[in-house]
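Structure, as structure tokens:
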Amino acid sequence: MTTRQGNQQFATTHWNVVLAAGRPGASRYREALASLCGAYWPPLYAFLRRSGRTAADAEDLTQAFFAHLLDRGSLEVADPQRGRFRSFLLTCLKHFVANEHRAAKRLKRGGAAAVLSLDFKSVESRLSLEPSHEVTPERAFEKGWALTLLDRATKRLREEMTKAGKARLLEVLGPHLSRPQERGQYEEAANLLEMTPGAVRTAVSRLRERLRHFIREEVAQTVEGDEQIDAEIRDLMAALAS
């Protein structure tokens, strides 16, 4: 299936990533599982922390939860007809935590040890900047999902620009991608890059377009169809604005 973005087209994997992660024998199993874990462990960890878990307990439960997904093949029952994948995953986590006494036993036996290599410190630093009394666990999950997806899209843009020999351009213009265009704001960047303000404005517009492209590709991995992609992006923007 293809989705039009501007004048370009890209192949979307939609739920293929989820389904491949649910089948250990599938050719893309490891790649798919790594992609899903990378996208969803930060919001799940944020949910656990905002639910009152200590950092150590949230780390252990996050590891144990993904071990549970692997051991039980829970992803095999994921169904795009039942709604958003992130909602499915959060429901699975809630059920898992409800049986925490069994999870604790698995942890003591080392069943979840080193399942994933996760940078908990980076997420913990991000959580420390937010007023915890104003954020529900569900909102923390939504915002964590949005920030992680945006980070992944930004990383892909950075890799593309670096490969094209334009890392400096993105370094200077990156801060402008999330700002509204205003008269006179590009003079400093133009001087640094030895470009005209008009050329800088055009470059910012193109970078924004590429970032939107990568965001749509990331979102498309776990939804079906353009309508759902657009709905997910609206949810993403709302989560980032909260």
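Everything quoted here is computed from the prediction, not taken from an experiment.
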Q) Under the side chain to side chain contact (heavy atoms under 4.5 Å, CB included) criterion, do Leu207 and Met161 qualify, and how do the steps go? A) CA-CA 9 Å; Leu207 287 173; Met161 295 298 289; 3.7 Å; yes
Q.
Just so I know, are the side chains of Leu93 and Leu48 near enough to count as touching, which here means a heavy-atom distance under 4.5 Å?
A. yes
Q: Can you measure from CD1 (Ile215) to NE2 (His213) and round to the nearest 0.5 angstrom?
A: 11.0 Å
**Q.** Within-4.5 Å side-chain heavy-atom neighbours: Glu188 and Val200
**A.** no
Q) What closest approach, in Å, do Ala203 and Met195 show between heavy atoms, and which atom pair accounts for it? A) CB-CE, 4.5 Å
Q. Which pair of heavy atoms, one from Pro175 and one from Ser178, lies closest together, and at what distance?
A. O-OG, 3.9 Å
Q: Would you check if the side chain of Ser205 reaches a backbone N or O of Arg201 as a donor-acceptor pair within less than 3.5 Å?
A: no
Q: Assess whether atom CZ of Arg168 is packed by more than 12 heavy atoms of other residues, nucleotides or ligands within 6.0 Å.
A: yes
Q. From Thr136 OG1 over to Lys143 NZ, what is the distance, rounded to the nearest 0.5 angstrom?
A. 12.0 Å
Q. What's the shortest heavy-atom distance between Trp41 and Thr62, and which atoms?
A. CB-CG2, 4.1 Å
**Q.** Heavy-atom side-chain proximity of Leu89 to Phe65 below 4.5 angstrom
**A.** yes
Q: Please tell me if the side chains of Thr154 and Leu177 come closer than 4.5 Å, counting only heavy atoms from C-beta onward.
A: no
Q.
Can you give me the closest heavy-atom contact between Arg210 and Leu157, atom names plus distance?
A. CB-CD1, 3.7 Å
Q: Can you measure from CG (Asn99) to NE2 (His95) and round to the nearest 0.5 angstrom?
A: 9.0 Å
Q) Distance-only, no hydrogens or angles: does the Arg86 side chain make a donor-acceptor pair with backbone N or O of Phe141 under 3.5 Å? A) no
Q. Would you call Lys94 and Val97 a side-chain contact if the rule is heavy atoms closer than 4.5 Å?
A. no
(Q) Can you confirm whether Leu149 sits close enough to Val219 that some side-chain heavy atom of one is under 4.5 Å from a side-chain heavy atom of the other? (A) yes
Q: Determine, stepwise, if the pair Lys155 / Glu218 fulfils salt bridge (charged side-chain N to carboxylate O under 4.0 Å, His left out).
A: CA-CA 11 Å; Lys155 180 180 178 181; Glu218 290 293 326; over 6 Å; no
**Q.** Check: Glu59 and Thr54 side chains under 4.5 Å, non-hydrogen atoms
**A.** no
Q. How far apart are the C-alpha atoms of Leu44 and Trp145, what are their side-chain angles, what is the distance that settles it, and do they pass the side chain to side chain contact (heavy atoms under 4.5 Å, CB included) test?
A. CA-CA 8 Å; Leu44 292 174; Trp145 160 75; over 6 Å; no
Q) Are more than 12 heavy atoms from other residues, nucleotides or ligands located less than 6.0 Å from atom CD of Glu160? A) yes
Q: First locate atom CD of Gln228, then atom CD1 of Ile233, and finally report the distance between them rounded to the nearest 0.5 Å.
A: 12.5 Å
(Q) For Arg152 versus Ala39, what's the shortest heavy-atom pair and its separation? (A) NH1-N, 3.5 Å
Q) Shortest non-hydrogen contact from Ala189 to His176? A) CB-NE2, 4.2 Å
Q) OH/Tyr45 to CD/Glu124 distance, rounded to the nearest 0.5 angstrom? A) 3.5 Å
(Q) The test is side chain to side chain contact (heavy atoms under 4.5 Å, CB included); show your working for Glu232 and Leu236 and say whether it passes. (A) CA-CA 6 Å; Glu232 283 286 85; Leu236 182 145; over 6 Å; no
(Q) As an exercise, state the distance from CD of Glu187 to OG1 of Thr196, rounded to the nearest 0.5 Å. (A) 10.5 Å
Q | Candidate pair Arg156 and Leu211, rule side chain to side chain contact (heavy atoms under 4.5 Å, CB included), full reasoning | A | CA-CA 8 Å; Arg156 292 177 63 184; Leu211 183 58; over 6 Å; no
